[in-house]
Amino acid sequence: PPKLNLTFNTDPEVGTIKCISSGTGRKYVACSGAGTGTDNQIALLSLSPSSQAHQQIGTLQIEATANCLAWAGNSLLLAGLSNGALGFWGGTGSGRKGDCSNWDLRKMLPKAHKGEVASLAVHPSNSLSLSVGAKDWKLKLWDLTSATMAHQIRLEASPLSVKWNK
């Protein structure tokens, strides 16, 4: 088997990593822990080749556990939460440690799904996204330019995940 070399490691979360996602070109990584109980946050890590590379650059506060994360390019992060909410964060961030000053919550949809958001997938165009609810059995299409729902259908069974066909 091929040998893997450690490039870097970090401790952005206490406990288990619930979900992780990298942006286009792998400039940033976002991850969130499960069962930590006290932090309810998404850690942003920079993967830029600068001297400050591979460091946590900040955190985004959330109101519940993030079940799934998805990037639209490097400047929009979607988070599906355990309480059914869907959050949209945007920004540029300089990549320096602790700098998330340019990242902000663009929109929070508190009732995107009834029950937890099970999975998210961003279309390769970065203008559309799909989400599925574990308890409401709905597949929803989101317009990322306006952070609004474009369409929804009820599924015949509880979904586990959603992906775009390439």
Side-chain angles (χ1 to χ4, degrees), residues 10 12-13 17-34 40-50 52-96 98-134 136 138-153 155 159-166:
T10 185
E13 289 290 333
I17 298 290
K18 172 78 174 177
C19 53
I20 188 165
S21 181
S22 65
T24 305
R26 294 181 173 86
K27 183 176 179 184
Y28 296 111
V29 169
C31 62
S32 182
N40 282 349
Q41 55 190 328
I42 298 167
L44 289 176
L45 298 111
S46 171
L47 298 180
S48 70
S50 71
Q52 297 291 325
H54 309 131
Q55 294 186 20
Q56 184 170 341
I57 58 171
T59 56
L60 304 173
Q61 298 302 314
I62 53 178
E63 56 193 48
T65 301
N67 286 342
C68 46
L69 299 167
W71 289 88
N74 278 316
S75 60
L76 184 66
L77 175 65
L78 285 69
L81 306 182
S82 59
N83 63 0
L86 185 59
F88 301 80
W89 283 266
T92 55
S94 69
R96 290 190 303 258
D99 180 17
C100 282
S101 60
N102 294 332
W103 284 83
D104 59 350
L105 178 63
R106 301 287 170 87
K107 192 165 190 178
M108 180 63 74
L109 302 172
K111 296 180 182 179
H113 286 278
K114 292 178 184 171
E116 65 186 73
V117 180
S119 181
L120 288 169
V122 174
H123 187 269
S125 70
N126 293 326
S127 61
L128 298 170
S129 177
L130 294 171
S131 69
V132 289
D136 66 8
K138 290 187 179 175
L139 169 70
K140 296 188 179 187
L141 176 68
W142 300 94
D143 178 349
L144 298 183
T145 61
S146 61
T148 57
M149 185 178 61
H151 190 69
Q152 68 177 330
I153 59 171
L155 303 171
L160 297 176
S161 67
V162 64
K163 300 285 183 204
W164 287 95
N165 186 7
K166 294 182 180 182

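This one's a predicted model, so the numbers in the text were calculated from it and none came from an experiment.
- Using a 4.5 Å heavy-atom cutoff, the side chains of Leu81 and Met108 are in contact.
- To the nearest 0.5 angstrom, Leu105 atom CG is 9.0 Å from Leu60 atom CG.
- The minimum heavy-atom distance between Leu128 and Asp143, with the atom names listed, is CD2-CA, 4.3 Å.
- In terms of the side-chain hydrogen bond (donor to acceptor under 3.5 Å, both in side chains) criterion, residue partners of Glu63 (sequence neighbours excluded) are, by chain and number, Asn83.
- Taking each heavy atom of Trp89 and Ile62 in turn, the nearest pair found is CH2-CG2, 3.4 Å.
- The side chain to side chain contact (heavy atoms under 4.5 Å, CB included) with Trp142 is formed by just one residue from the set Leu86, Leu78, Leu120; it is Leu86.
- When every heavy atom of Val122 is checked against every heavy atom of Ala70, the shortest pair comes out as CG2-CB, 3.7 Å.
- The two residues Val117 and Ala85 have their closest heavy-atom pair at CG2-O, 3.5 Å.
- When the side chain to side chain contact (heavy atoms under 4.5 Å, CB included) test is applied to Leu155, the partners found at least two apart in sequence or on another chain are Val132, Leu139, Ile153, Pro159.
- Side-chain contact between Leu144 and Leu76: present, with at least one pair of heavy atoms (C-beta onward) separated by less than 4.5 Å.
- Listed by first then second residue, pairs satisfying side-chain hydrogen bond (donor to acceptor under 3.5 Å, both in side chains) with a partner in residues 108-119 read Asn67-Glu116, His113-Ser131, His113-Asp136, not counting sequence neighbours.
- Between Ser32 and Leu69 the shortest heavy-atom distance is N-CD1, 4.2 Å.
- Partners of His123 by ring pair (Phe, Tyr, Trp, His ring centres under 6.0 Å), not counting sequence neighbours, listed by chain and number: Trp164.
- Taken from CD in Gln41 to SG in Cys31, the straight-line distance is 9.5 Å, to the nearest 0.5 Å.
- Lys140 places a side-chain N or O within donor-acceptor distance of the main-chain N or O of Ala112, the cut-off being under 3.5 Å.
- Trp71 places a side-chain N or O within donor-acceptor distance of the main-chain N or O of Ser21, the cut-off being under 3.5 Å.
- The nearest pair of heavy atoms linking Thr59 to Ala43 is CG2-CA, 4.3 Å.
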